[in-house]
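Within every chain, numbering begins at 1; the chains are lettered A, B, ... in the order of the sequence lines, protein sequences first and strands thereafter.
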Number of protein chains: 2
Amino acid sequence: MHRNRVRLFVAALSIIFFNSVSFAETPKADPARASIEKLGTAFADAFNRGDIAAIAAMYSDDAVVLPPDSDLVQGRSAIEALWKSTRDSGMRDLAFTILEVHSSRDLAVEVGKADFKMQTADQAESPSQTVKYVVVWKRQKDGTWKLFRDIWNSMPSAPK
Amino acid sequence: MHRNRVRLFVAALSIIFFNSVSFAETPKADPARASIEKLGTAFADAFNRGDIAAIAAMYSDDAVVLPPDSDLVQGRSAIEALWKSTRDSGMRDLAFTILEVHSSRDLAVEVGKADFKMQTADQAESPSQTVKYVVVWKRQKDGTWKLFRDIWNSMPSAPK
C-alpha cells in the first residue's frame, strides 16, 4: 500500500514535470523565435546608441507602425522620422521582453513588453515605463524577417 | 510622328491603368480577406445586439486581447468578461473599417479602424470615436478563422 502510494506520487510528479516542461518549451519551439529574439536585441541596441537608420532598415519597405494617439505611420522614411522624434523626445534604455512568437510560413506574430526611461532636459531620468506590443514580422525574399506591422499601448496606470 | 505619339500615349495610359488596377486589387486579392470581412461584420452585429457569448466564440481558445491601459487579457472567458464590461460601460454602434488583410497559411493580419459611440446613463450618445487596431487571425483545424491576438489604440486627439 505504501509502495503503491509512492508509485502514484512519482507518477503524478512525472505528469506535472512533463507538463511544466512542455509548457515552458512550447514558446521556444517556434522556428522564427531565435531570429526574432536576435532582431529584438539588435533593435533595442540600435535605438539606445541612437542609430535610427539601422532601426528603419529593420522594417519592411511596406511597413506600418501604429503608435498610440497617432494616425498610421506608413513606409520606411516616415517610420525613421517617428523613431528619431521619439528618441529626440528623450526615450532611453529601451529593452524588450518577448512573451511569445508564433509563425506561419512568411508571417510571425510576436507579443511582448517594452521597458524604457524618459530623459528630461536636465538629464534626469523618469522611473522605468512599460508598454505592451504586438509586432507582425514578414519574411522577405532573402529569408530575413522584417517588422511589417508594429502597434503598442499602455499598461494599467500605477495606483495613486 | 503623330501616330508614334499616340502609340506612346496609349502605352503610357496602359501602364498607368495597369498599375492602378493592380494597386487597387492587391488588398482584395488576399485569400483570407472575404472570410475576415464577414467575421468583422458578424463581430460588430453581435456586439451591437449585446450577444457577448457570440463574440467570445469568435476568439481562439488561446486568444490574447491587449486593450489600452490594461494588462494582457488571456483566454476566452476573460475576453468575454472584457467585452461584457465594455458594453456595460455604454459602448454602442460599433463598426469596423478594414484597411488591409495579409495572410500566410494559418495566420492573417488585419489592420483597420473601429468607430463607436459611448452611451451615458441618460441614453445620450457621445460623438463617434475612432480607434485603430491590428488583429492577428489564426486558422483553426476546421478551416475557420478565429481572432488570435487583438490590440488597438487611440487616434490623434481632436484639436482643441
Side-chain angles (χ1 to χ4, degrees), chain A residues 23 26-27 30-32 60-75 82 97-114 129-141 145-160, chain B residues 23 26-27 30-32 60-75 82 97-114 129-141 145-160:
Chain A
F23 181 78
T26 302
D30 192 279
S60 68
D61 285 337
D62 53 352
V64 180
V65 179
L66 300 95
D69 306 321
S70 161
D71 211 331
L72 293 83
V73 178
Q74 306 195 40
L82 166 72
T97 303
I98 298 180
L99 298 175
E100 50 164 10
V101 173
H102 299 274
S103 66
S104 180
R105 208 170 54 195
D106 296 330
L107 288 179
V109 55
E110 173 197 357
V111 177
K113 293 185 180 180
Q129 302 180 32
T130 304
V131 298
K132 60 193 185 295
Y133 65 84
V134 173
V135 170
V136 178
W137 298 80
K138 188 174 176 183
R139 195 184 349 225
Q140 308 297 296
K141 284 178 184 164
W145 290 95
K146 300 255 184 190
L147 291 102
F148 179 57
R149 301 293 176 263
D150 182 6
I151 181 170
W152 63 93
N153 65 26
S154 49
M155 295 294 290
S157 312
K160 289 175 188 172
Chain B
F23 182 78
T26 302
D30 193 278
S60 67
D61 284 337
D62 53 352
V64 179
V65 179
L66 299 96
D69 306 319
S70 160
D71 211 330
L72 292 84
V73 177
Q74 306 195 40
L82 166 72
T97 303
I98 298 180
L99 298 176
E100 49 164 9
V101 173
H102 298 274
S103 66
S104 182
R105 207 169 56 195
D106 296 330
L107 288 179
V109 55
E110 173 197 356
V111 176
K113 293 184 179 181
Q129 301 180 33
T130 304
V131 297
K132 60 193 184 298
Y133 65 83
V134 172
V135 171
V136 178
W137 298 79
K138 189 174 176 183
R139 195 179 356 219
Q140 308 297 296
K141 284 178 185 164
W145 290 95
K146 301 255 186 190
L147 291 102
F148 179 56
R149 300 294 176 263
D150 182 6
I151 182 169
W152 62 95
N153 64 27
S154 48
M155 296 294 290
S157 312
K160 286 175 189 174

- B:W145 meets the ring-ring contact (aromatic ring centres under 6.0 Å, His included) criterion, sequence neighbours left out, with none
Counting only non-hydrogen atoms closer than 4.5 Å, does [X] touch chain B with its backbone (N, CA, C, O), its side chain (CB onward), both, or neither?
| X | value |
| --- | --- |
| A:T130 | neither |
| A:R105 | both |
| A:V136 | side chain |

- Query: Would A:V111 and A:K132 satisfy side-chain contact (heavy atoms from CB on, under 4.5 Å), going step by step from the backbone distance to the final call?
  - Reply: CA-CA 8 Å; A:V111 177; A:K132 60 193 185 295; over 6 Å; no
- Query: Does B:S104 use its side chain to pair, donor to acceptor, with the backbone of B:L107 at less than 3.5 Å?
  - Reply: no
- Note on the structure: Of B:D71, B:V134, B:D106, B:V64, the largest count of non-hydrogen pairs under 4.5 angstrom with chain A goes to B:D71
- Query: Should the pair B:K138-B:D61 be classified as a salt bridge under the 4.0 Å nitrogen-to-oxygen rule?
  - Reply: no
